[in-house]
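Each remark here refers to the structure printed beneath this line.
Remember, predicted model here, so these are calculated numbers, not experimental data. Labels below follow one simple rule: chain letters A, B, ... track the order of the sequence lines, proteins then strands, and each chain is numbered from 1.
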Amino acid sequence: MNLLHKIQSNILSILKSMYADKAFAESDIQISPNKTQNKGDYTVLIFPLAKKAGKNPTELGNEIQSGLKNLFPELGFEAIGGFLNIVMNDQFWKDSLEALLATDFQKMFPENDKTVLVEYASPNTNKPLHLGHIRNILLGWSIYRLLQRLGYNVVKTQVVNDRGIAICKSMLAWQKYGEGRTPASEHVKGDHFVGEYYVLFESKFQEEYKQFQLTEEGKDCFDQRKKQEQSEKEFFTEYKNQYFNNQSTLGREARAMLLKWEEGDPAVRSLWSMMNGWVLEGFEQTYTNLGVDFDKVYFESETYMLGKQIFLENIDNGIFYKKTDGSVWINLENQGLYHKLVLRSDGTSVYITQDTGMADIRYEEYQYDSCIYVVADEQDYHFKVLFEICKALKAPYADGLHHLSYGMVELPSGRMKSREGTVVDADDLIAEVINEATKNASERNELIDLPQEEQNEINRKVGMAALKYHIIKVNPKKKMIFDPKESVDLQGHTGPYIQNAFVRISSVLRKLESEVTTDFIAYNPINEDEKELLMQLSAYKGVISNAAESYDPSVLANYTYSLAKSFHKFYHNHSILKAESPDAKSFRLSLSKVVATILADAMHILGIEMPEKM
RNA sequence: GGCUUCGUAGCUCAAUUGGAUAGAGCAUCUGACUACGGAUCAGAAGGUUGCAGGUUCGAAUCCUGCCGAAGUCACCA
């Protein structure tokens, strides 16, 4: 048993013997690292215990202290106010290091037979991926790795929105103006190629709309429908969707195409599958660059009609109700929500219909215990409704559904808007950070002797670490302000800073002629920097479970930085290879090895690779 | 307007889930390579944790009320 744990259970026995009637439990006794200037490595919080015992904290602290002094004469204790500080001895630190050396971090947690689905990415096939997708993807990926580490069987899925009016817009634009061009003929990545036609459609539509505004019809429209005090500009901005749906030629053509698609028209279907193929190929390349993949991909074109049946079957039993116009609803007022439409009056489905059906077929396929939807917080309400619907249906998976809601990514100038062209493209960003890393590498001379291919690989790892770490270090719940300038930073609280700690250790280990041994019995005293490292290393397991259980990879990211920081400090203050004694050398080498192992492991969970040199 | 979330250094983020003197990085200023990699280290400066109450041994964290920001409340996705 670990010494800390032993102290904890002895405090419990002391309390039990003194206050037999109070029912103390081990969980009442909180021991945390001491971060103050006061003497002591760890601190026992006396206040909660004093409250339960009905005793003055100072007195109780002294009582516990004298009890522990007898049991652990080799340790130091100091009771200050409501805190009891403990000074560990060198043996404790050496035992900690040996325990760490013996740990297989891959197997810290026992396997369990539970299955978790993680849904992330989920793009539309009319535009390339952007910065928002990157945050989503990095979150999904690290949650997958975290839960996997906790012993779950994790299935990575995405739902591709590959149908609907938006998709038809780019198809129509290509048909009208594409002149047979392809991604191959233009040497453009498929998703960007199709995205250009989506943008082209929008601009052609805007042209048409502007023309319309100058016609008699347009002017009449403004005069008849404008609200009081509304300017022409304001009116037409607001009226745009109505114009698209009721008057626009392009709008009519796009809707006609959607209708043909739904009827299964062979020409439209083949155009559709060709263009979607281009986009998906482009996505695949971006996923590869981001280092992520999926076990199962669902296409909305195959699932959008699901769910309808479920609602129709549950009208008679009163879960859903039908209005006179034929639309189907559910009343969620008792859950603090509103009435929600689940089927249109014409019998077609809405988004929530499809999501309900999706939850169902996935359950049939995987019998999952839990399903995590990684989706931005603008859809919080949607998921509340969805989960309540599943509960109302008494679905066996209803209690396992979880929305991992994350804040949207904004630029220093505000929210990204495709109309204003302020969307940060994923591929561009990736290229930029790698470029920046390459530029930086060429300014120093560490890689100069390596083959070009190897240099490229290292620069890629460093650039991607900068980008990924910059995003994943922020608490998912919070919206984040993404400054492109800061994202390519390679110094300070960044991914490359952490990689550099690993690189330094790798470099030290390379210089070593013999194996690292664990002969450090005679090493003392353990210095403060070493203690600091050992405390952090011992906390690793707790950090992992904390991050996984709160669905928050940023916990792990920040831990990794703090560990790297402690290492840099240690490295600066103490010589490893030229340590004062063989035992000191072997202690520091062992310590460094564990630091490298944990840094690499933690970063791996976050989807960040470690180079040996940089 | 209803509901939800968020306001911490000039900027971007932390704070062991209610614990001791609120910590990092960037930017600014100063110092450290004849040390195992300076993408590093040490230091200075920077704060009424939006405001006002309350709860208690103790509050950035919990409660109430204001102020401010964002999201959402579609027969959109």
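- A 4.5 Å side-chain heavy-atom check between A:Met610 and A:Lys461 finds every atom pair outside the cut-off.
- With distances taken from any side-chain atom of A:Glu378 to the nucleotides B:rG25, B:rG71, B:rG37, the minimum falls on B:rG71.
- Residue A:Tyr497 places at least one side-chain N or O under 4.0 Å from the OP1 or OP2 atom of B:rC41.
- Distances were taken from every side-chain heavy atom of A:Pro48 (C-beta onward) to each of B:rC36, B:rG19, B:rU4; the shortest belongs to B:rG19.
- Stacking here means ring centres nearer than 5.5 Å and ring planes tilted less than 30 degrees, and by that measure A:Tyr338 does not stack onto B:rC73.
- Each of A:Pro33 and A:Arg163 was matched to the nucleotide of RNA chain B holding its nearest heavy atom; the match closer to the 5' end belongs to A:Pro33.
- Residues A:Ile64 and A:Leu15 form a side-chain contact, since some pair of their non-hydrogen atoms from C-beta on lies under 4.5 Å apart.
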Problem set entry | Dot-bracket encoding of pairs in RNA chain B, which uses [ ] for pseudoknotted crossings and | for another strand, Watson-Crick or G-U under 3.5 angstrom | (((((((..((((.....[...)))).(((((.......))))).....(((((..]....))))))))))))....
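- In this structure, A:Phe83 does not count as stacked on the base of B:rG19 under the 5.5 Å centre distance and 30° plane angle limits.
- Contact annotation: A:Lys473 does not reach the phosphate of B:rG25 (side-chain N/O to OP1 or OP2, under 4.0 Å).
- Residue A:Asn34 is in base contact, counting any heavy-atom pair closer than 4.0 Å across all strands shown.
- At a threshold of 4.0 angstrom between heavy atoms, the contacts of A:Thr348 with the nucleic acid are absent.
- A salt bridge between A:Arg588 and A:Glu530 is present, with a side-chain N of the basic residue lying under 4.0 Å from a carboxylate O of the acidic one.
- In this structure, OH on A:Tyr381 lies 6.5 Å from OH on A:Tyr338, to the nearest 0.5 angstrom.
- Atom CG in A:Leu45 sits roughly 11 Å away from atom C1' in B:rU16 (whole-Å rounding).
- Contact annotation: A:Lys578 side-chain N/O to B:rA35 OP1/OP2 distance is not under 4.0 Å.
- A:Asp483 comes within 4.0 angstrom of no nucleic acid atom, judged by non-hydrogen atoms across all strands.
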